[in-house]
Amino acid sequence: MRGAFQIASLRGIPIRVHYSFLLVLPFLAWLFGQAFRGAALAADVPPEALRGHPFLWGLGLAVALFLAVLVHELAHSLYALRKGGEVSDITLLMIGGVSRITRMPDGPRHEALMALAGPVTSLLLGGLFLGVYGLLEGARSFNLRFAFFYLGSLNIFLGIFNLLPAFPMDGGRILRALLTGRLGRVRATQTAGLIGKGFAVLFGMLGLFSGNFILIIIAFFVFMGAEAESREVLMQSLLNRVYVRELMVPRTAAVSAGDSLEEVATRMQAERRRALPVLEDGRVVGLVTLAAVRQVPAPRRGQVRAREIALPVPELTPESTAWEALRHMGQRRLPQLPVVQDGLLVGTVTQEDIMRGMQLRELEDTHRHGPWGLGPGQRESPT
């Protein structure tokens, strides 16, 4: 995700923080600090029992809350990995966290359980924090007890809130999984997306009337997320029926691993290409891109070899689906991928090739079967 930087990695999953999180953190620290101050006044706590500035307690509570959100997202991701899914990264945002699961576990049952893992984790954390609050009965530090009470209450609220059937929130994903068996994945996603947009409008209205700008931001993200995921699932449905062999261009232009970047740049200009496969002993060992060449100062390009800046590429064959190709390009931010058969380079496929193929397939389906892309009596097979 753009605008995010990595802070850690767990089980091969990069954990990133978005800059919006850093922007909202001081506001949450102030907001939670006011909660500490208000609770102390309501409980008529003497000043000597309040150790530390309320803002610092609020900051600590805000960080602890986002750590709990991270645990929530890890529950999703670890379940997905356990059931054969693939996770690109986890990013903490101003409104919470997002797990980018690039391949869902097989079957709607596992998808529902994966979505349920997050809210259940939040509820368990909430119960744990409230349990610690109970154990601290009689503790001298009012702020410490209140911190555990407030953190427990927030986690329980987050667990329940995420179970609302507002796609793409967790409850909406559970709803989508339940509908998939009857409607197929595309229609289930569109139905859950419409319900999610309805909740987004409701959140937005409540936020406007109550002056709660956080709720307005959540409404925006839910609405846009529902729209984006509906488009992605439709795209995936189309591209899973298109194979790379139908889209690839039989280009076999490549550079040798030992070629200098000066030679690579000359070849790119001659071929009018933004990327070229890198071969070593006749085998594809990576891809060198125009962006990577430009990062090397011109005076040094004669000394740097293609193998030194070649990016690793997945094994893509003519029998791979267009969705696999597009997913790999998106994850690695590559403009194209080499296509290999029996270890030999047989062509390349670009994002433009895939988009053109998707548009043609969508046009063909609409012409044959109507806007749903399904003929009379046909039903999309559940995935």
Side-chain angles (χ1 to χ4, degrees), residues 1-22 86-92 100 102 244 247-318 320 322-356:
M1 181 178 290
R2 293 181 179 178
F5 56 92
Q6 185 171 335
I7 59 169
S9 179
L10 181 64
R11 291 282 302 273
I13 305 171
I15 298 170
R16 298 189 169 98
V17 171
H18 195 267
Y19 292 113
S20 62
F21 166 77
L22 300 179
E86 294 179 4
V87 182
S88 174
D89 58 61
I90 296 173
T91 303
L92 296 178
R100 283 205 305 165
T102 50
V244 168
L247 307 173
M248 59 180 275
V249 177
R251 301 192 192 100
T252 54
V255 294
S256 171
D259 287 349
S260 70
L261 295 193
E262 279 185 352
E263 295 172 298
V264 171
T266 301
R267 192 70 180 275
M268 284 181 170
Q269 289 173 345
E271 298 285 342
R272 304 184 68 83
R273 303 277 295 279
R274 290 184 296 159
L276 285 169
V278 179
L279 302 183
E280 190 164 30
D281 297 327
R283 302 273 174 169
V284 176
V285 295
L287 189 77
V288 62
T289 66
L290 178 60
V293 173
R294 283 177 170 171
Q295 288 180 354
V296 179
R300 292 193 59 242
R301 291 175 189 169
Q303 290 77 46
V304 179
R305 303 300 161 188
R307 69 166 66 87
E308 299 177 49
I309 66 165
L311 301 172
V313 291
E315 184 174 328
L316 201 66
T317 72
S320 301
W323 174 250
E324 290 177 75
L326 185 63
R327 180 165 57 87
H328 286 309
M329 279 188 268
Q331 288 176 3
R332 293 167 171 80
R333 298 180 182 177
L334 296 174
Q336 69 180 47
L337 285 174
V339 183
V340 178
Q341 189 168 36
D342 299 327
L344 300 176
L345 178 67
V346 295
T348 59
V349 63
T350 67
Q351 292 183 4
E352 291 78 10
D353 294 331
I354 293 173
M355 290 299 100
R356 183 169 57 252

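Predicted model only: the values in this text are computed from it and were never measured.
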Test side chain to side chain donor-acceptor pair (under 3.5 Å) applied to [X] - qualifying residues, sequence neighbours left out:
X      : value
Glu263 : Ser260
Ser256 : none
Gln331 : Thr102
Arg327 : Glu86

Which side-chain N or O atoms in residues 292-305 pair as donor and acceptor under 3.5 Å with protein atoms at least two apart or in another chain?
residue, atom, partner, partner atom, Å
Arg301, NE, Val293, O, 3.4
Arg301, NE, Val296, O, 2.9
Arg301, NH2, Val296, O, 3.2
Arg305, NH1, Gly258, O, 3.4

Side-chain heavy-atom pair Leu279, Val284 within 4.5 angstrom cut-off:
yes

I want to check something: taking the side chain as every heavy atom from C-beta on, are Thr317 and Val244 in contact at a cut-off of under 4.5 Å?
no

Minimum heavy-atom distance between [X] and [Y], given as atom pair plus value:
X      : Y      : value
His18  : Gly3   : CD2-O, 3.4 Å
Ala325 : Val349 : CB-CG1, 4.4 Å
Thr348 : Pro277 : CG2-CG, 4.2 Å
Pro338 : Leu345 : CB-CD1, 3.7 Å
Leu92  : Phe21  : O-CB, 3.8 Å

Begin from the C-alpha positions of Arg332 and Val313 and carry the test side chain to side chain contact (heavy atoms under 4.5 Å, CB included) through to its verdict.
CA-CA 8 Å; Arg332 293 167 171 80; Val313 291; 5.8 Å; no

Counting neighbours of CD on Glu352 that are heavy atoms of other residues, nucleotides or ligands and sit closer than 6.0 Å, is the number greater than 12?
yes

Quick one: side chain to side chain contact (heavy atoms under 4.5 Å, CB included) partners of [X], sequence neighbours excluded?
X      : value
Gln341 : Pro318, Val346
Ala322 : Leu239, Val242, Leu247, Ile354
Ala275 : Leu287, Thr289, Pro335, Gln336

From [X] atom [atom1] to [Y] atom [atom2], the distance as rounded to the nearest 0.5 Å:
X      : Y      : atom1 : atom2 : answer
Asp353 : Leu326 : CG    : CG    : 11.5 Å
Phe5   : Thr91  : CZ    : OG1   : 10.5 Å
Arg16  : Ser88  : CZ    : OG    : 6.5 Å
Leu290 : Gln269 : CG    : CD    : 9.0 Å

Could you list the residues that satisfy salt bridge (charged side-chain N to carboxylate O under 4.0 Å, His left out) with [X], not counting sequence neighbours?
X      : answer
Arg283 : none
Glu308 : none
Glu271 : Arg267
Glu324 : none

Using the side chain to side chain contact (heavy atoms under 4.5 Å, CB included) rule, take Val264 and Met268 through it: C-alpha gap first, then chi angles, then the decisive distance, then the call.
CA-CA 6 Å; Val264 171; Met268 284 181 170; 4.0 Å; yes

Evaluate the criterion side chain to side chain contact (heavy atoms under 4.5 Å, CB included) for residue pair Met329 and Leu337; output intermediate values, then yes/no.
CA-CA 7 Å; Met329 279 188 268; Leu337 285 174; 3.7 Å; yes

